[in-house]
Trainee: 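Dumping the structure here so I can ask a few things about it.
Each chain gets a letter, A, B and so on, in the order the sequences are listed, and its residues count up from 1. Everything numeric here is computed off the predicted structure, so don't read it as measured data. Note: hydrogens, waters and symmetry copies are ignored here, and every other heavy atom, side chains too, is used.
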There are 2 protein chains.
Amino acid sequence: MRATVTDPSLPATLAAIVGAAHMLTAPEDMARYEAEWRGFYPGAARAVVRPATTGEVSRVVAACAAAGACIVPQGGNTGLVGGSTPDDSKTEVVLSLERMRAVRRSDPLDNTLTVEAGCTVLAAQEAAASVGRLFPLSLASEGSATVGGVVSTNAGGEQVLRYGNTRDLVLGLEVVLADGRVLNLLGALRKDNTGYDLKQLFIGGEGTLGIVTAVTFKLFARPRSVVTAWVAVRDPQAAVELLSRLTDAVGERVTAFELIGDGPLGLVLRHGTAGMRSPLGEVPAWSVLFDVSEVSARMDPAPAVEDVLGAAMEDGLVLDAALAASDSQAHAFWALREHVPEAQRLEGPSIKHDIAVAISRIPQFIDEAGAALQAFMPGVRIMCFGHVGDGNLHYNQSLPPGMAPADFRAQEDAIHDIVHATAARLGGSISAEHGIGRQKQQALLHYKSPVALEAMARIKHAMDPYNTFNPGRMLPRALVETAASSSNH
Amino acid sequence: MRATVTDPSLPATLAAIVGAAHMLTAPEDMARYEAEWRGFYPGAARAVVRPATTGEVSRVVAACAAAGACIVPQGGNTGLVGGSTPDDSKTEVVLSLERMRAVRRSDPLDNTLTVEAGCTVLAAQEAAASVGRLFPLSLASEGSATVGGVVSTNAGGEQVLRYGNTRDLVLGLEVVLADGRVLNLLGALRKDNTGYDLKQLFIGGEGTLGIVTAVTFKLFARPRSVVTAWVAVRDPQAAVELLSRLTDAVGERVTAFELIGDGPLGLVLRHGTAGMRSPLGEVPAWSVLFDVSEVSARMDPAPAVEDVLGAAMEDGLVLDAALAASDSQAHAFWALREHVPEAQRLEGPSIKHDIAVAISRIPQFIDEAGAALQAFMPGVRIMCFGHVGDGNLHYNQSLPPGMAPADFRAQEDAIHDIVHATAARLGGSISAEHGIGRQKQQALLHYKSPVALEAMARIKHAMDPYNTFNPGRMLPRALVETAASSSNH
């Protein structure tokens, strides 16, 4: 490992590459790059550079490497785990991709879109729509989140069930490596078996292996109709069985399948905007919200959906159900789901998780984690909701009535341990879609197998031998250094 | 790099692990493991070992590593590029996974199937069907090809357009690493963002980074109806536009979309079995064969398909079309396509390719490669067919009338160069689905960027520091050795 040195000429070198207006060192200019939007993970950078082209990124990286400066790549800075902000050492250079926003190519015959890393997810959606196609990635932060960021974190979102995670949408990447060279893996190929699929390393690599500068995405046909349903189910097991029946009946048309407990729905109704109401009158103990979307203008999936719901009602899985009668009613159903995070915030402190288990184990997870939490903190309010179709729950806790927020916060690590241990015991993941960053590094070290951690560290050392990119995020420095020394046979 | 040594006690050590009956050294016992089924790439192994469990694989690998013996992992030995057979040095140990055939778990709620590496693709299809689900990988060799093999080669096949390559079907892997440790990445998680997605390295890794011992696959709903059409199109550009219109109209239901020139269709009709006939009477210059499949029993995609074909006929893209009126007629259509390789074999020598370009560039590829080949070898007969929906053509050549086979064969490398250079110039791939192995190593070195080749060699060295697994396949030894020495800072 090369020590981080402070070459006093680096800022001038960087300014010569990107232009003085895009090499920031004044604290007021750097502030918005130094902490994420919630104010968490504040740091202090040595400089913020904003290159405009892949060539400039390449030269910035080469200059930082020569000067021994570490680089923190940053897109829309909407991440939740502290992976995109500098530490407080004033030695790290933040490399913002925000000026690289070009749409390089959109092709309806290839069904592909090639965009630069700083393009927002919303802009990518719009570029696809402009050629009559769908870019299906959709998430709450899509107006700010960039495609470089969602690729580097393998973002999930609301339509994973049908279209997959970001990884599944990527056909090609352009990446700047740790020595500044450009690895061009762009292209619109649906098949290419010429060696290791290197792009996979950078997808979900959290900026630790290279800097994604451009992406070729798959596009899809646009749905022409959607059946949206709000369903009261007997329990989580009934939700899982309903999903299985629905998938068997209409296949990949099931675009989203969300579970919402009475806890989060109650919070939304208490803190929500005027006119929000429970679609089925009373608040069900467990609700499912799903979309079945249809591309063909000649076919209507509603009768098939009604068949499934009718049979599930006869069998006691479904207690009640409402199909949205209009687009505005569908939006009203979805607004309830989308308002959950804000309602939680208005309710007071909460402790959040982003776990995944195999879909069939969702009911067991809910039972066992709930029991363990109640035993640990009687009265804790469990806010269980999430993408059941992906096995992914945002399984959060709000403080028990009467408990002081500080006392609740003091138990945060213990509650994380209970939830993560339950997920891990069931073969699950402690981070389904948010990644590791700084927030979950300790949990990663605890729950990931030593064999996998060592393999990751070896890959990191192979691709970034001086630990230039996002050092200490995801993998601790010590682990990477151990891999480095063991590779010197 | 550790030198390959010959520890005389290795066979006894291996026999103690797997049992004497499964440690083969007699030439007649080893013969079927030493060359692929066509007889190409014959070699001579030091031994063939057939472990029955992951634990045995682990111990075999550790023993070989300790003895400095290289290992060639082998599944069904159906590969086409020389990646699964030993060289002729009598030093390599073939590790056959054929005894590891267990179906560990099939779960219709999770929509997953976990099988051991030696399970055939056909057995995996049957295991999925037994729980009412579809395992969509389908290829000509499915009765012999194993899941470990198709994962290690990222096999494509007939339904990639809808369900993706093997990579897209894999949720989890179990892999034995070069030191014998087991990397357990199994699991039925649809989302897991806890570090680099290590399994991606082994998918398509051609056995050079680890030995796949078990796989968790995604399953899908079973289609209940299929619309199969044989269509005469104006030209390849019309085929590409028809695909775009069809996808826009019926979305992901388009399960296969094949282009067949009059060359290969003519060969099939000449050499085929009794009763084979052209579905549209005369042999069209260009035919498309497609499947649109439907999961729902309540919906029939035929009217939407007929709409698309009718409009395309009015616009001159489609000259004539026939929808299969029965399952047996659909099978007859597909038999024509599937008989192409056999008809080529019966016709005499041919030179084969497996290229991919972006779908929109298929017409340009056909024009430019065809012109270059006719200029090089006037009268050469071009057999153009393949998975146009994936941008993948099996673009083959049969000898010109009157040319001696030996004269034709003598031009094989020159013809490869013409075809590969055309694909590469259009941003395409020289190996869409067959991989590199030994056959395409020189082409890989020529067409892959030096930056990508160096990154691949670094990954290889990081994961297999003594070049134990399939040495000299895909990446030449010298390239890996260079990466090894450059990583010792």
Trainee: Check each atom of Ala249(B) against the heavy atoms of chain A and say whether the ones under 4.5 Å are side chain, backbone, both or neither.
Mentor: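 Ala249(B) touches chain A through backbone heavy atoms alone.
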Trainee: Tell me, for Pro108(A) versus chain B, whether the close heavy atoms (under 4.5 Å) come from the side chain, the backbone, both or neither.
Mentor: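 The backbone, not the side chain.
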Trainee: Can you tell me which portion of Lys460(B) sits under 4.5 Å from chain A's heavy atoms? Options are side chain, backbone, both or neither.
Mentor: both
Trainee: Kindly give the heavy-atom pair with the smallest separation between Tyr163(B) and Glu252(A), and that separation in Å.
Mentor: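 Closest approach of Tyr163(B) to Glu252(A): CE2-OE2, 4.1 Å.
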Trainee: With respect to chain B, which residue among Gly435(A), Ala155(A), Ser449(A) yields the maximal number of heavy-atom pairs within a distance under 4.5 Å?
Mentor: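 Sorted descending by pairs with chain B, the first entry is Gly435(A).
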Trainee: Between Ser296(A), Ala297(A), Gly389(A), Ala188(A), which has the largest tally of heavy atom pairs under 4.5 Å with chain B?
Mentor: Ser296(A)
Trainee: Take Arg224(A) and Asp248(B) through the test salt bridge (Lys or Arg N to Asp or Glu O under 4.0 Å) and record every step on the way to the result.
Mentor: CA-CA 10 Å; Arg224(A) 290 183 175 78; Asp248(B) 186 59; 2.9 Å; yes
Trainee: Give a yes or no on whether the backbone of Gly204(A) and the side-chain of Asn193(B) come within a donor-acceptor separation of less than 3.5 Å.
Mentor: no
Trainee: Quick one: which residues of residues 169-182 of chain A reach chain B at under 4.5 angstrom, heavy atoms only?
Mentor: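 Contacts with chain B: Leu177(A), Arg181(A), Val182(A).
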Trainee: Might you point out which heavy atoms bring Lys191(B) and Ser429(A) nearest each other, and give the distance in Å?
Mentor: O-CB, 4.1 Å
Trainee: Does any backbone or side-chain atom of Glu454(B) lie under 4.5 Å from a heavy atom of chain A? Answer side chain, backbone, both or neither.
Mentor: side chain
Trainee: Counting heavy-atom pairs under 4.5 Å with chain A, which one of Gly251(B), Gly156(B), Gly132(B) comes out on top?
Mentor: Gly251(B)
Trainee: What I'd like to find out is whether the side chain of Ile459(A) reaches to under 4.5 Å of the side chain of Ile459(B), using heavy atoms alone.
Mentor: yes
Trainee: So does Ile359(B) get a backbone contact from the side chain of Asp110(A), meaning a donor-acceptor N/O pair under 3.5 Å?
Mentor: yes
Trainee: For chain B, which candidate among Asn184(A), Leu209(A), Val160(A), Ile430(A) shows the most heavy-atom pairs at distances under 4.5 Å?
Mentor: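 Counting heavy-atom pairs under 4.5 Å, the top option is Leu209(A).
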Trainee: Of the backbone (N, CA, C, O) and the side chain (C-beta and beyond), which part of Leu475(B) lies under 4.5 Å from a heavy atom of chain A, both, or neither?
Mentor: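 Only the side chain of Leu475(B) comes within 4.5 Å of chain A.
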Trainee: Out of Ala221(A), Gly427(A), Ala358(A), return the one with the most heavy atom pairs under 4.5 angstrom to chain B.
Mentor: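 Ranked by contacts with chain B, first place is Ala358(A).
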Trainee: Could you have a look at Leu189(B), Ile355(B), Thr112(B) and say which one has the most heavy-atom pairs with chain A under 4.5 angstrom?
Mentor: Leu189(B)
Trainee: Heavy atoms only: give me the nearest Thr208(B)-Tyr196(A) pair and the separation to one decimal.
Mentor: OG1-OH, 2.6 Å
Trainee: Counting distance only, does the side-chain N/O of Asp192(A) pair as donor-acceptor with the main-chain N or O of Ala432(B) below 3.5 Å?
Mentor: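 Checking the backbone N and O of Ala432(B) against the side chain of Asp192(A), no donor-acceptor pair under 3.5 Å is found.
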Trainee: Indicate the atoms forming the closest heavy-atom contact of Arg133(B) with Ser244(A), along with that distance.
Mentor: NH2-OG, 2.8 Å
Trainee: If you count heavy-atom pairs under 4.5 Å between each of Leu186(B), Leu243(B), Leu453(B), Asp307(B) and chain A, which one has the most?
Mentor: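 Heavy-atom pairs under 4.5 Å are most numerous for Asp307(B).
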Trainee: First locate atom CE of Met474(B), then atom OG1 of Thr194(A), and finally report the distance between them rounded to the nearest 0.5 Å.
Mentor: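 That separation rounds to 8.5 Å.
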Trainee: Which heavy atom in Gly195(A) sits nearest to a heavy atom in Ile436(B), and how many Å separate them?
Mentor: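 Shortest heavy-atom separation between Gly195(A) and Ile436(B) comes out as N-CG1, 4.0 Å.
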Trainee: Quick check on Gln237(B) against chain A: is it the side chain, the backbone, both or neither that has a heavy atom closer than 4.5 Å?
Mentor: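 The answer is the side chain of Gln237(B).
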Trainee: For Asn165(A) and Arg190(B), indicate whether the former's side chain and the latter's backbone hold a donor-acceptor pair under 3.5 Å.
Mentor: yes
Trainee: Hey, is the main chain of Ala304(B) close enough, under 3.5 Å, to the side chain of Arg298(A) for a donor-acceptor pair?
Mentor: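 No, Arg298(A) side chain to Ala304(B) backbone: no donor-acceptor pair under 3.5 Å.
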Trainee: Leu444(B), Asn392(B), Asp354(B): which one forms the most heavy-atom pairs within less than 4.5 Å of chain A?
Mentor: Asn392(B)
Trainee: Any non-hydrogen side-chain atom of Pro301(A) less than 4.5 Å from a side-chain atom of Met299(B)?
Mentor: yes
Trainee: In terms of heavy-atom proximity below 4.5 Å to chain A, should Glu433(B) be classed as side chain, backbone, both, or neither?
Mentor: both
Trainee: Checking Arg458(B) side chain against Ala462(A) main chain: does a donor-acceptor pair fall under 3.5 Å?
Mentor: yes
Trainee: Please look at Lys199(A) and chain B and tell me whether the side chain, the backbone, both or neither of the residue comes under 4.5 angstrom of a heavy atom of that chain.
Mentor: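 No part of it gets close to chain B.
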Trainee: Heavy-atom pairs under 4.5 Å with chain A are the metric here; pick the option from Val250(B), Asn154(B), Val357(B) that has the most.
Mentor: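 Between Val250(B), Asn154(B), Val357(B), the count favours Asn154(B).
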Trainee: Does any backbone or side-chain atom of Asn111(B) lie under 4.5 Å from a heavy atom of chain A? Answer side chain, backbone, both or neither.
Mentor: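 The side chain, not the backbone.
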Trainee: Most heavy-atom pairs under 4.5 angstrom with chain B, which of Ala443(A), Gly205(A), Gly187(A), Pro303(A)?
Mentor: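 Of the options given, most contacts go to Pro303(A).
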Trainee: Can you see which heavy atom on Leu198(A) is nearest to which on Ala455(B), and at what distance?
Mentor: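 Heavy atoms of Leu198(A) and Ala455(B) come nearest at CD1-CB, 3.9 Å.
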Trainee: Heavy-atom cut-off 4.5 Å, strictly under: side chain, backbone, both or neither for Arg162(A) against chain B?
Mentor: side chain
Trainee: Do you know which of Glu294(A), Arg222(A), Glu241(A) has the most heavy-atom pairs under 4.5 Å to chain B?
Mentor: Glu294(A)
